[in-house]
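Keep in mind that the numbers below use all heavy atoms, side chains included, and drop hydrogens, waters and symmetry copies. First the proteins, then the strands, lettered A, B, ... as listed; each starts at 1.
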Amino acid sequence: MSDEANKTTAEDEKLKTPSNFIKDIINEDMRTNKHDGRINTRFPPEPNGYLHIGHAKSICLNFGLAKEYNGVTNLRFDDTNPCKEETEYVESIKEDVSWLGFDWQDREFFASDYFGQIYEWAIKLIKMEKAYVCDLTADEIRQHRGTLKEPGMESPYRYRPVEENLDLFARMKKGEFPDGSRTLRAKIDMASPNLNMRDPVLYRILHAEHHRTGNEWCIYPMYDFAHGQSDSIERITHSICTLEFEDHRPLYDWFCDTLEIFHPQQIEFARLNITYTVLSKRRLLQLVQEEHVESWDDPRMPTISGLRRRGYTAEAIRNFAERVGVSKAESMVDLALLEFCVRENLNKTAHRVMAVLNPLKVTIVNYPDGQEEMMEFVNNPENPDDGTRLVPFAKEIYIERTDFMEDPPKKFYRLSIGREVRLRWAYVIKCVDVVKDPNTGEVIELLCEYDPLTKGGNTPDGRRIQGTIHWLSVKHAQELEVRLYDNLFMKENPNEVEEGKTYLDNINPDSLSIIRAKVEPSLRSAKPGEKYQFERLGYFCVDSKHSKPNEPVFNRTVTLRDTWAKIAAK
RNA sequence: UGGGAUGUAGCCAAGCGGUAAGGCAUCGCCCUUUGGAGGCGACACGCGAAGGUUCGAAUCCUUCCAUCCCAGCCA
């Protein structure tokens, strides 16, 4: 093979799989045959909320890496806190991961599956004199922990004999003690500059019903004492998490080393942030609970289910995840990139249809009364195989109110008195007069003439028509509900607030507007989940919650890119 | 001098001692029966700053600056 060919191949390869620091690590591991070339990642959500687009980035990363290196990915629910976790959440998480296009096959696990083993490991640590039962209250533990700059103090219970620890821990498990009365702690270093190493709590007493283990346990392991061990049990090779766990890595390593168990490598990357939205489960939960939005899957929510209902496709989200990249630099990605990704995807697949959001009636004065014609529309110019359909035309039509201006500015090439415009796939019309409301002066109707020679929108005389607008026959138009969405937050970074305010003060009061719009007849029977482009307006998706048979409700996924809006704004 | 991390364009992000990829956004032009889509082009004399090493530095060294994370019996 020539050098030239080699070079091209290498470059193609690079384009397909953008490099990132995690791949660098894996490549090195592959080179040294670290796990016999085996790659096993995992996606470990806590079932305490719905997945959002930040999780999608992690899902795409974990499943994507495994796929690329011929490995596998486990879905593991990190369910060590029964107070916050619910079965509803595990169901939604499974649905969302599948919908995104990933398959964990039979590798569905729960940290709670390992409670027995984790308990045994706790006993092992006690026997090694590396763990002890502590009777300090939560408050006292905090006081003993010291501060960021000062070392902590050892617990008075730190040197309890092994036998006493064993006995107490067994009785904790049996339920002899009330919540919060005792904990099991690791014996590490109260003077460590890393607070996570200052005798972290391993187990706490929680008489709470667990969504899977019920009342079998009343002591539950903390994240730090469950996560790495779960990774280890599953023989995860690369345990990818977000930056805030960087400080936990020494602890993660300490447990694996001390327990002498399989030692996965924890790797941290920067979580996703997107402008004009919040991406934390705590905040999303608050938005739901305080009813700032309808539900977790409200189309304004950045949740996977919200985006799905809004009309986003899994492919668009996957492309987005790839485009934002993976690094350790904290960042705030422009919402415009996400929107670009849906448009890019929907442009190729969505059928074009006519809808008029804000109708203005037009009477074509020289069109025969009572006459109707069927006009042939191209379903998708991006894909001729999608064919054509027939749409009725008549003397009275609706056009978009914004497509007419009495006193048009320069470069406005839509309708105005004396000007011509093309009705998409129909006729060229010229506005000859307007009818105004005698009281308000508002234009309520346009009187136009059509050119019978321009059927289909063609101009046999070769005359150039600048503007093409969408329209609907008054008689045939259907009126349906359309929901227009705007950003849920008014600020690029909703978390940036003045003294005394919270991100909730940045909520956009106009993030949802519900209107009745005119649509072409075929849309009456549109089914939930179906996606369309309303020509010149945007992409719309039939809502899965509010639609009824023959009464679909449309959600605007995203507007079309609007060059005119930019010109008009100048 | 608590500890841990990060600074490359408006926003992301490659780059791994050989002279700044790519995407989004933006701005031009072309094309167009969607002011959509598409095509072409422009867009860092510069890599947080200052010194140093080197024939050569975004890459190595030193110092400084900025930002983020950590004091849950949350994950």
For [X] and [N], is the shortest distance between a side-chain N/O and OP1 or OP2 below 4.0 Å?
{"X": "Arg352(A)", "N": "G36(B)", "answer": "no"}
{"X": "Arg561(A)", "N": "U34(B)", "answer": "no"}
{"X": "Ser327(A)", "N": "C12(B)", "answer": "no"}
{"X": "Ser192(A)", "N": "G3(B)", "answer": "no"}

From the set [options], return the single nucleotide nearest to any side-chain atom of [X].
{"X": "Ala138(A)", "options": "A75(B), C73(B), G36(B)", "value": "C73(B)"}
{"X": "Arg204(A)", "options": "U34(B), U26(B), C73(B)", "value": "C73(B)"}
{"X": "Ile141(A)", "options": "U34(B), C73(B), C11(B)", "value": "C73(B)"}

Item to check | Near-ring test Tyr89(A)/His211(A), centroid separation under 6.0 angstrom | outcome: no

Item to check | Pairwise C1' distance for A75(B) and A66(B), with rounding to whole Å | outcome: 29 Å

Checklist entry - Taking the C1' atom of each, how far is C47(B) from C40(B), in whole Å? => result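 Straight-line distance between the two C1' atoms is 29 Å.
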
Checklist entry - How is Arg414(A) classified with respect to the nucleic acid when contacts are heavy atoms under 4.0 Å: base, sugar-phosphate, or nothing? => result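 The answer is base, as Arg414(A) lies within the cut-off (heavy atoms under 4.0 Å) of a base atom.
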
Checklist entry - Contact class for Val326(A) (heavy atom, under 4.0 Å): base, sugar-phosphate, or nothing? => result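 Result for Val326(A) = sugar-phosphate.
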
Next on the checklist: Output the rounded distance in Å from NZ (Lys328(A)) to P (C12(B)).
Outcome noted: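 For the pair Lys328(A) NZ and C12(B) P, the rounded distance is 18 Å.
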
Next on the checklist: Which residues pass the ring pair (Phe, Tyr, Trp, His ring centres under 6.0 Å) test with Phe534(A), not counting sequence neighbours?
Outcome noted: Phe540(A), Phe554(A)

Next on the checklist: The criterion is ring pair (Phe, Tyr, Trp, His ring centres under 6.0 Å); which residues satisfy it with His248(A), sequence neighbours excluded?
Outcome noted: Phe245(A)

Item to check | Flag for Arg352(A)-Asn380(A): side-chain donor and acceptor within less than 3.5 Å | outcome: yes

Item to check | With Arg389(A) via side chain to side chain donor-acceptor pair (under 3.5 Å) - residues at least two apart | outcome: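 Per chain and number, Arg389(A) pairs via side chain to side chain donor-acceptor pair (under 3.5 Å) with Asn379(A), Glu520(A).
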
Next on the checklist: Can you list everything that forms a side chain to side chain donor-acceptor pair (under 3.5 Å) with Asn383(A)? Sequence neighbours excluded, please.
Outcome noted: Asp386(A)

Next on the checklist: Just to verify, what does Cys541(A) make a side chain to side chain contact (heavy atoms under 4.5 Å, CB included) with, not counting sequence neighbours?
Outcome noted: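 In terms of side chain to side chain contact (heavy atoms under 4.5 Å, CB included), with neighbours along the sequence ignored, Cys541(A) is linked to Lys531(A), Thr557(A).
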
Checklist entry - Which letter, B, S or -, goes with each nucleotide of nucleotides 65-72 of chain B from 5' to 3', with contact meaning a protein heavy atom under 4.0 Å? => result ---BBBBS

